A.B. asks: 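I'd like to ask some things about the structure below.
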2 protein chains.
Amino acid sequence: MSSPGALVLVVEDEPQVRRFLRASLSSRGYRLLEATTAREARQLATSHNPDLFLLDLGLPDEDGVELTRDLRGWASAPIIVLSARGREEDKVKALDAGADDYLTKPFGVNELLARMRVALRHARAVPTEGALIEVGPLRVDSARREVTVDGVEVRLTPTEFKLLLLLARNAGKVLTHGMILREVWGPNATQAHYVRVQMAELRRKLEQDPARPRLLLTEVGVGYRLRDRWDD
Amino acid sequence: MSSPGALVLVVEDEPQVRRFLRASLSSRGYRLLEATTAREARQLATSHNPDLFLLDLGLPDEDGVELTRDLRGWASAPIIVLSARGREEDKVKALDAGADDYLTKPFGVNELLARMRVALRHARAVPTEGALIEVGPLRVDSARREVTVDGVEVRLTPTEFKLLLLLARNAGKVLTHGMILREVWGPNATQAHYVRVQMAELRRKLEQDPARPRLLLTEVGVGYRLRDRWDD
DNA sequence: CGGACGCATCAAGATCGCGTCAAGACCGAC
DNA sequence: GTCGGTCTTGACGCGATCTTGATGCGTCCG
């Protein structure tokens with residue numbers, strides 16, 4: 001996982017830039033994965049669990065900022081955005097969405113490499129971030145996207161997992177409908193009903209008695225929270 | 001997710017830039033320390049243990065890269081370098097010396113703020129709590145929406161909680177019917193009767209003897225207040 | 001002493017938010 | 001294209017919660 005040999009996922013649709021990065025990085029000992037669309041990126045990210053993302057903002061199928069927000073939700077690896085857009089507003093948006101750094105094209109290879117070293121240095125220094133959350137009978141492994149209740153594995157759909165992870169990372173605290181919608185469905189979502197349906201599904205899978213939940217608690221009129229105290 | 005209140009040490013010898021940073025940061029709720037030399041910076045860093053460094057490279061008494069390397073050795077807070085030197089080589093040196101980010105002057109305030117947020121996010125030292133109010137036997141945790149009296153948990157409905165939180169945040173002060181109505185029921189509410197009914201309910205749940213309240217006191221003709229003195 | 005006023009309490013009806021089910025839309029895999 | 005899984009959307013019942021009105025009590029003041 002240290003700098004040489006680190007697995008880098010390059011998300012970039014321009015072949016020229018891809019070739020340039022491939023040459024620069026592999027000669028330095030990095031291993032490379034390449035994606036040209038957000039969809040591909042997600043797939044590779046789940047299947048290969050890379051150590052670092054290099055992300056172009058101008059993807060054909062989805063805004064890069066959205067992809068950033070999504071990845072940041074469950075992947076622990078650092079994200080460096082590479083973009084031709086140099087406007088301050090673009091930088092702020094990307095960084096606030098969860099990017100760890102932002103380089104404006106054109107940039108020098110050495111600067112990129114230096115910033116990659118910084119990012120990987122951080123990742124090593126903060127090992128806690130991704131891995132494992134345990135609350136009561138529940139275990140959530142965000143790197144492996146794996147969930148168990150009392151040791152029994154439970155299969156969750158992507159949305160269910162995102163929702164559960166959000167709750168688990170804030171165990172005990174109440175998350176409002178608005179917060180949940182924004183984090184799981186993106187900033188434009190408004191239908192609080194989404195949350196109810198997915199929550200029902202989650203309960204069906206995680207709770208012994210979905211009608212009398214012990215894990216996923218409702219705060220009427222406000223939102224939901226994951227129970228984090230088990231002293232009974 | 002921002003971290004207002006973080007303590008930032010600005011190391012910069014040009015008064016103009018210092019003034020600019022002071023204005024930009026303190027208006028955002030950051031607390032500021034200022035140093036104009038490396039020596040001063042070291043002193044303040046030891047004595048005040050800041051959450052973040054903003055570091056100019058061109059210091060009068062020592063090269064900024066050296067200072068970076070030194071700080072990185074023993075201080076855990078992130079270091080953002082601000083420099084007029086835009087050469088790639090300078091960036092690489094500073095980053096490899098231990099800086100977490102590098103901005104070339106002139107830069108936009110918003111970008112700086114965004115990168116500061118990223119740095120502080122990494123540091124993760126942000127407690128984010130502090131949503132706890134304690135008055136006498138009463139404890140109100142707004143993040144968890146949890147209320148206890150003498151350690152015993154009490155379940156409140158949304159309106160009850162809103163009302164109690166309002167009183168708790170203004171413990172000791174008298175809140176008029178009008179204020180309470182506006183805050184809890186919205187700006188158009190007029191029925192002072194709402195308040196009475198909900199207050200009765202609150203007392204039923206919080207007071208030992210609802211008829212002789214010790215917490216939720218009535219100020220006849222004016223409004224209500226939460227008792228905040230407990231020297232009995 | 002009696003009436004007016006403000007407050008507390010109770011209970012009943014109306015309302016709101018939640019959980020659930022199910023049908024259709026969408027999407028990726030084959 | 002078809003198929004299976006997943007997400008969106010709508011409808012509905014139920015219970016919790018809020019609103020509203022009625023009633024009684026205490027205090028202040030005429």
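Excluded from the calculations below are hydrogen atoms, water molecules and symmetry mates; all remaining heavy atoms, backbone and side chain alike, are included. Bear in mind that the values here come from a model prediction, so they are computed numbers and not experimental data.
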A.B. asks: As an exercise, state the distance from CG of A:D96 to CZ of B:R121, rounded to the nearest 0.5 Å.
C.D. replies: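 So the gap between those two atoms works out to 7.0 Å.
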A.B. asks: Considering non-hydrogen atoms only, spot the tightest contact between A:T37 and A:L59 and give its length.
C.D. replies: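 Result for this residue pair: C-CD1, 4.5 Å.
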A.B. asks: Under 3.5 Å, which donor-acceptor pairs do the side chains of residues 10-21 of chain A form with other protein atoms, sequence neighbours left out?
C.D. replies:
from, atom 1, to, atom 2, distance (Å)
A:E12, OE1, A:K105, NZ, 3.1
A:E12, OE2, A:E14, N, 3.0
A:R18, NE, A:E34, OE1, 3.4
A:R18, NH1, A:E12, O, 3.1
A:R18, NH1, A:D13, O, 3.4

A.B. asks: Return the value, rounded to whole Å, for the distance between atom CZ of A:R212 and atom P of C:dT20.
C.D. replies: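 Roughly 11 Å, once rounded to whole Å.
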A.B. asks: Indicate whether OP1 or OP2 belonging to C:dA8 is found under 4.0 Å from a side-chain N or O atom of B:T218.
C.D. replies: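 So the side-chain polar atoms of B:T218 do come within 4.0 Å of the phosphate oxygens OP1 or OP2 of C:dA8, strictly under.
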A.B. asks: Among D:dC7, C:dA8, D:dT19, which is the nearest nucleotide to the side chain of A:P158?
C.D. replies: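 Ranking D:dC7, C:dA8, D:dT19 by closest atom to the A:P158 side chain puts D:dC7 first.
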A.B. asks: Please determine whether a side-chain nitrogen or oxygen atom of A:T159 lies at a distance below 4.0 Å from atom OP1 or OP2 of D:dT6.
C.D. replies: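 So the side chain of A:T159 is outside the cut-off, no N or O lying under 4.0 Å from OP1 or OP2 of D:dT6.
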A.B. asks: Check every atom of D:dC7, D:dC18, C:dC7 against the side chain of B:H177 and return the nucleotide holding the closest atom.
C.D. replies: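 The answer is C:dC7.
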A.B. asks: Taking only the side-chain nitrogens and oxygens of A:W185, find out if one of them lies under 4.0 Å from OP1 or OP2 of D:dC7.
C.D. replies: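 Answer is no, no contact under 4.0 Å.
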A.B. asks: Please state whether the phosphate of D:dT20, meaning OP1 or OP2, lies under 4.0 angstrom from any side-chain nitrogen or oxygen of B:Y194.
C.D. replies: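 Yes, within the criterion.
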A.B. asks: Considering just the side-chain nitrogens and oxygens of A:Q43, establish if one lies under 4.0 Å of OP1 or OP2 belonging to C:dA29.
C.D. replies: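 The answer is yes; a side-chain N or O of A:Q43 sits under 4.0 Å from OP1 or OP2.
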A.B. asks: So which protein nitrogen or oxygen atoms get under 3.5 Å of nucleotides 9-15 of chain C's nitrogens or oxygens?
C.D. replies:
none

A.B. asks: Provide, to the nearest angstrom, the distance between the NZ atom belonging to B:K162 and the P atom belonging to D:dT17.
C.D. replies: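 Computing the B:K162:NZ to D:dT17:P distance gives 15 Å.
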A.B. asks: Grab the CG-P distance between A:L216 and C:dG19 for me, whole Å please.
C.D. replies: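 These atoms are roughly 10 Å apart.
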A.B. asks: Any idea which of C:dC7, D:dT9, D:dT6 is nearest the A:Q191 side chain?
C.D. replies: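 Of C:dC7, D:dT9, D:dT6, D:dT9 is nearest to the side chain of A:Q191.
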A.B. asks: Check this for me, if you would: do A:R69 and A:E66 make a salt bridge, where the nitrogen-to-carboxylate-oxygen distance has to be below 4.0 angstrom?
C.D. replies: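 Answer for the salt bridge query: yes.
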A.B. asks: Please determine which of A:L156, A:D70, A:I180, A:L167 meets the side chain to side chain contact (heavy atoms under 4.5 Å, CB included) test together with A:K162.
C.D. replies: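 It is A:D70; the other options fail the test.
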A.B. asks: Starting from P on D:dT6, measure out to CZ on A:F161 and report it in whole angstrom.
C.D. replies: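 Between P of D:dT6 and CZ of A:F161: 14 Å.
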A.B. asks: Using the side-chain contact (heavy atoms from CB on, under 4.5 Å) rule, take B:D100 and B:F53 through it: C-alpha gap first, then chi angles, then the decisive distance, then the call.
C.D. replies: CA-CA 10 Å; B:D100 296 283; B:F53 297 97; over 6 Å; no
